[in-house]
Amino acid sequence: MLALIAKDLLLEWRHKEQLAAPAVFALLAATLFVFAVDPTPAELTRLGPGALWVSFLFAGTLGLGKVFAPEERDDALTALLLAPVDRTALFLAKAASAALFMGFMEALMTPVFFALFDLPLLPILGRFVLVAGLATAGFSLLGTLLGFLTSRASARELLLPILALPLTLPLLIAAAKATRILLEGPAGPRFADLHLWLTLMLAFDVVFGVLCCWGFERVVEE
Amino acid sequence: MAHAPAPVPPLRPAAPAPSPAATAHVALLELERVGKAFGRRVALRDVSLVLRRGCGIALLGPNGAGKTTLLRVAAGLMAPTSGRLVVDGSPRAAAVRLRRKVGYVGHQGLLYDTLTARQNLAFFARLYGAGGAERRSREMLRRFGLERHAERRVASFSRGMRQRLALARALLHAPDILLLDEPYTGLDAEGAQLLNRELAGLLENGAALLLATHRFEVPLALAADVAVLAGGELRHAGPTTGMGAHDLASLYDRVVACSR
């Protein structure tokens, strides 16, 4: 599993320009939001988290479309599937690689977003990392399976977001709500709800993690 | 079936002759009435084959006969729709165990073209849990005459070099069962000779070989048995003993003509 993740990181490093595209996309989306809505500070706390996570998910979808790209050329996927590695481990390794790329993009873009929206990041950093981790894990698990399913489709760039975005809607809502609660602070009216949204994200990750591992194992043998 | 333009170079040393002892060799992989359908299209129907230690089977058949599907099912890449695979006498419950034993060469190289030759082999050696992945990858590069190109990315390789590397990848973990789909494609005479030498050595060491080919010389050189597949069905299976390339070609033409 570690060998597979290390190989994916090496390949991604060789195509680092591809990493820039989702990050630039996320930045543009946030910038457009600020200029289009021209929000007040109160509106930023209310609307900013939604804009942040929509941008991240759209940008993440761009990256997920390429999760299996190295395996498509020269049918390297067959060589991977031939290896005496459990299919679940294979799937989790690819999902972990996808999560690392998305996490890297988020780590780069989050400070920029918060600066652009004039929102305080440092006071909520620890809990925000937890929210981002749960959201990224769920999106990567689901996106990796969908990326695999659509990898050989002719219109995969279109198919992947159409399939991924509705399915990740609960995750998007929970991440945006949790982020907003964090921004409102412990004195905010909904702070007690934070653990509910975190639990929802955790449940999403577990349920889709199990379903995706099971689905991947069946799909690759057909 | 089109006859191959270039002859396969002779084996050196000579191929192991099929012997009664060889046919009694232990079964490594058994395909029992294996069928495979993709939706309503049936690609394989009730195919039974036994791959025995130290024995080679040449798989002949026209394009679309189901040779590649059969090899992929035998490799554990596809689940059969019907029938079963038996590995070392036990049913195919442990797919990971089967994959550990199998070396597979497909139509494509099954390589990462943005990694170097050495990185490719080292990566797959790690996946197979081979100790000393770097040392093993360098050894295989040397065996297949690619040591000078170890640090070149596969994307810059010629078709023949890519095929050599594909063979090196397939043999990296010293598999017991070799499943080869047109392995001579793209190889020059030297490369084909090298492949023959490797395959003969593996057979002598007790590996089993299932080799899909369009070349009639290959079965006579490497395989004690020949199987002819047409329309997804096994139309003929028997020894190649005493046959010349011409006899085999006649047999093939008769079998394929009968299946139409």
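Both backbone and side-chain heavy atoms feed into the values below; hydrogens, waters and symmetry mates do not. Lettering follows sequence order; numbering is per chain, from 1.
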Where V85(A) and R99(B) come nearest, the two heavy atoms and their spacing: O-NH2, 3.0 Å
Least distance between heavy atoms, A3(A) atom then F123(B) atom: O-CE1, 3.6 Å
Residue [X] excluded, over 12 heavy atoms near [atom1] under 6.0 Å:
X       : atom1 : value
R73(A)  : CZ    : yes
D118(A) : CG    : no
R143(B) : CZ    : yes
R159(B) : CZ    : yes

Worked check of side-chain contact (heavy atoms from CB on, under 4.5 Å) between L10(A) and Q119(B): CA-CA 10 Å; L10(A) 176 65; Q119(B) 285 170 334; 3.8 Å; yes
Which value, rounded to the nearest 0.5 Å, describes the distance between [X] atom [atom1] and [Y] atom [atom2]?
X       : Y       : atom1 : atom2 : value
H173(B) : L82(A)  : NE2   : CG    : 8.0 Å
L90(A)  : L127(B) : CG    : CG    : 8.0 Å
R162(B) : D74(A)  : CZ    : CG    : 4.5 Å

Side chain to side chain contact (heavy atoms under 4.5 Å, CB included), paired with L110(B), selected from L80(A), L81(A), L77(A), D75(A): D75(A)
